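Read through the structure below, which is laid out as structure tokens, and then see the notes.
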Amino acid sequence: MKKIKNIHLVAAARPNFMKVAPLWKALAGESWCRPHIVHTGQHYDANMSDDFFRDLGLPRPHFHLGIGSGSHAQQTGRTMMAYETLLLETSPDLVVVAGDVNATVAAALAAVKLGVKVAHLEAGLRSFDRTMPEEINRVVTDALADLLWTPSPDADANLAREGVHGRVERVGNIMIDSLEMMRPRIEAADLPGRLGLEPGAYGVVTLHRPANVDRPDTLGLIMEVLSGLARRLPLAFPVHPRTRARLAEAGRWESLQEQPGLHIMEPLGYISFMSLLWRSRLAITDSGGIQEETTYLGIPCLTLRPSTERPITISQGSNRLCRPEELAALAETALAGGIAAAGPIELWDGRTAERVVESALAFWAA
Ligand code: UD1
């Protein structure tokens with residue numbers, strides 16, 4: 001291999017940052033390539049973006065597209081246009097996109113149309129629910145990518161069934177790399193102590209999916225159940241900006257602050273959030289990543305969604321899908337010890353970034 005390869009790592013929104021960080025670190029130590037971080041700007045608040053860069057030891061983005069919020073078409077279209085300009089100016093050899101946010105598909109589409117190779121990190125996950133914007137982003141990105149890095153055998157099977165044209169390699173779950181990379185700082189942070197929460201005796205809640213927070217009746221029902229549960233098990237609830245806006249619109253924001261046992265707070269950075277999750281008794285969420293992190297940590301997780309693109313967290317992990325009406329009963333089951341992980345998952349071992357680097361190198365050699 002003659003020329004040093006220029007690699008773009010595209011990061012856009014909160015769940016991308018912890019996937020890109022271990023890979024940035026691994027690639028930055030290699031002499032055959034030069035990684036550059038491209039922040040599209042989908043998430044822009046300090047506590048949704050800058051705090052994660054700082055916590056995860058990421059450098060300032062080399063390029064920032066400043067896309068911001070908007071409808072799906074606006075976000076996707078603006079990202080494609082801005083990124084196309086950057087691609088033409090910088091001619092990278094490989095574009096790495098991660099996860100399933102709007103920027104993932106937008107950057108992949110802009111790149112392949114210019115003949116630039118694309119690798120998808122966290123490829124092959126499927127919820128089979130096309131009402132989820134992320135499912136569309138996953139299916140389209142995988143159809144376009146030249147190199148598909150998967151976290152689990154179910155993802156390999158999905159891609160085989162779809163007959164994708166790219167090369168598929170199972171590398172494991174890169175979120176576990178971030179967790180292990182940051183473990184000493186996470187353990188030292190002791191957020192529960194600072195909040196007056198007793199280790200192993202509180203729950204953590206996160207919610208941001210449109211299906212849960214954009215419908216006032218669903219949001220209301222979830223808040224009622226959480227308020228009831230918080231009287232028995234203190235709940236720490238860092239509130240996503242979308243959810244905060246919907247709670248304010250529904251006139252629930254002020255009263256929620258006064259619910260006994262409910263600790264309402266601003267979104268947390270990576271270290272603080274993981275410190276909170278690590279010592280918790282139970283997680284209630286609609287996030288993708290938290291389903292995986294709780295499985296790795298062996299913490300029961302109730303996922304407020306009808307489906308998951310991460311079925312291995314149910315078959316082998318401590319995750320259970322849950323409708324809002326079932327939440328109170330399933331929380332009791334979890335607290336009684338009725339939800340446990342079956343054991344460690346293969347390749348969720350903190351060494352995924354290493355395997356990705358090997359795979360990228362082999363890709364050029366092929
Ligand atoms: C996006 C991803 C979702 C991911 C989530 C993690 C898509 C389709 N969705 O959803 O997969 O799980 O990120 O958070 O890409 N906002 C702010 N400040 C910010 C970012 C957003 O105030 O820094 C507010 C804006 O009002 C914005 C709304 O939150 O309109 C939603 O943000 P957006 O990025 O569109 O979607 P998320 O719900 O965050």
Side-chain angles (χ1 to χ4, degrees), residues 1 5 7-10 15-16 18-20 22-23 26-27 30 32-33 35 92-101 103-113 115-130 132 134-177 288-289 291-292 295 307-317 344-366:
M1 201 166 45
K5 302 292 182 191
I7 301 182
H8 279 187
L9 302 179
V10 178
N16 292 154
M18 51 287 232
K19 291 168 195 161
V20 162
L23 187 51
L27 289 173
E30 295 287 314
W32 58 271
C33 69
D93 299 287
L94 181 70
V95 170
V96 177
V97 295
D100 55 15
V101 301
T104 308
V105 67
L109 200 44
V112 292
K113 293 248 183 162
V116 179
K117 299 289 182 205
V118 170
H120 186 202
L121 179 58
E122 198 186 82
L125 298 183
R126 296 289 180 271
S127 66
F128 303 101
D129 174 2
R130 293 222 176 176
M132 279 181 80
E134 292 82 0
E135 181 74 353
I136 308 294
N137 295 343
R138 290 188 279 261
V139 169
V140 177
T141 304
D142 286 339
L144 301 174
D146 299 284
L147 191 47
L148 298 101
W149 290 314
T150 67
S152 47
D154 55 284
D156 299 351
N158 292 335
L159 296 175
R161 201 173 42 248
E162 289 173 21
V164 294
H165 91 283
R167 178 163 138 180
V168 178
E169 286 188 29
R170 177 136 52 96
V171 292
N173 190 331
I174 199 140
M175 303 259 293
I176 308 307
D177 287 35
Q291 297 173 52
E292 301 179 331
T295 274
S307 60
T308 178
E309 61 288 338
R310 293 160 162 94
I312 201 163
T313 61
I314 296 178
S315 59
Q316 287 190 50
I345 298 177
E346 206 190 343
L347 303 184
W348 291 26
D349 57 0
R351 303 187 61 186
T352 291
E354 273 173 48
R355 289 186 284 269
V356 169
V357 171
E358 274 167 34
S359 165
L361 197 50
F363 180 69
W364 302 120

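Fair warning: this is a prediction, and the values are worked out from it, not measured in the lab. Keep in mind that the numbers below use all heavy atoms, side chains included, and drop hydrogens, waters and symmetry copies.
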Do [X] and [Y] have side-chain heavy atoms sitting under 4.5 Å apart?
X	Y	value
Leu121	Val356	yes
Leu27	Val357	yes
Asp146	His165	yes
Thr104	His120	yes
Phe363	Lys117	yes

Carefully, step by step, assess Val171 and Glu358 under the rule side chain to side chain contact (heavy atoms under 4.5 Å, CB included).
-> CA-CA 10 Å; Val171 292; Glu358 274 167 34; over 6 Å; no

If you round to the nearest 0.5 Å, how far is [atom2] of [Y] from [atom1] of [X]?
X	Y	atom1	atom2	value
Trp32	Ile7	CH2	CD1	4.0 Å
Met175	Thr352	CE	OG1	11.5 Å
Thr313	Glu292	OG1	CD	7.0 Å
Thr141	Ile136	OG1	CD1	11.0 Å
Ile174	Glu354	CD1	CD	10.5 Å
Thr150	Glu122	OG1	CD	10.5 Å

Would you name the heavy atoms of [X] and [Y] that are closest together and state the gap between them?
X	Y	result
Arg170	Pro151	CD-C, 4.1 Å
Ala353	Asp177	N-OD2, 2.7 Å
Pro344	Gln316	O-OE1, 3.9 Å
Leu9	Pro35	CD1-CB, 4.3 Å
Ile312	Pro153	CD1-CD, 4.1 Å
Asp154	Glu309	OD2-O, 4.3 Å

Can you list the residues that meet the salt bridge (Lys or Arg N to Asp or Glu O under 4.0 Å) rule with [X], with sequence neighbours excluded?
X	answer
Glu30	none
Glu162	Arg126
Asp93	Lys3

Assess whether side chain to side chain contact (heavy atoms under 4.5 Å, CB included) is satisfied between Ser359 and Leu147, documenting all intermediate values.
-> CA-CA 9 Å; Ser359 165; Leu147 191 47; 4.0 Å; yes

Side-chain donor or acceptor of Glu135 paired with backbone N/O of Phe128 under 3.5 Å |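 Judged by distance alone, yes, a pair lies under 3.5 Å.
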
Mark yes or no for whether Asp142, through its side chain, and Gly124, through its backbone, hold a donor-acceptor pair below 3.5 Å.
->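 At least one qualifying donor-acceptor pair exists.
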
What residue among Val118, Val20, Leu144 forms side-chain contact (heavy atoms from CB on, under 4.5 Å) with Val97?
->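 Testing Val97 for a side-chain contact (heavy atoms from CB on, under 4.5 Å) against Val118, Val20, Leu144 leaves exactly one candidate, Val118.
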
Greater than 12 external heavy atoms within 6.0 Å of Arg167's CZ |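 Counting neighbours around CZ of Arg167, more than 12 heavy atoms of other residues, nucleotides or ligands fall under 6.0 Å, so yes.
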
Within 6.0 Å of CZ in Arg130, more than 12 heavy atoms from elsewhere =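 Result for CZ/Arg130: open.
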
Carefully, step by step, assess Leu125 and Arg138 under the rule side chain to side chain contact (heavy atoms under 4.5 Å, CB included).
-> CA-CA 7 Å; Leu125 298 183; Arg138 290 188 279 261; 4.1 Å; yes

Is a salt bridge present between Arg355 and Asp349, judged by a nitrogen-to-oxygen distance below 4.0 Å?
->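 Yes.
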
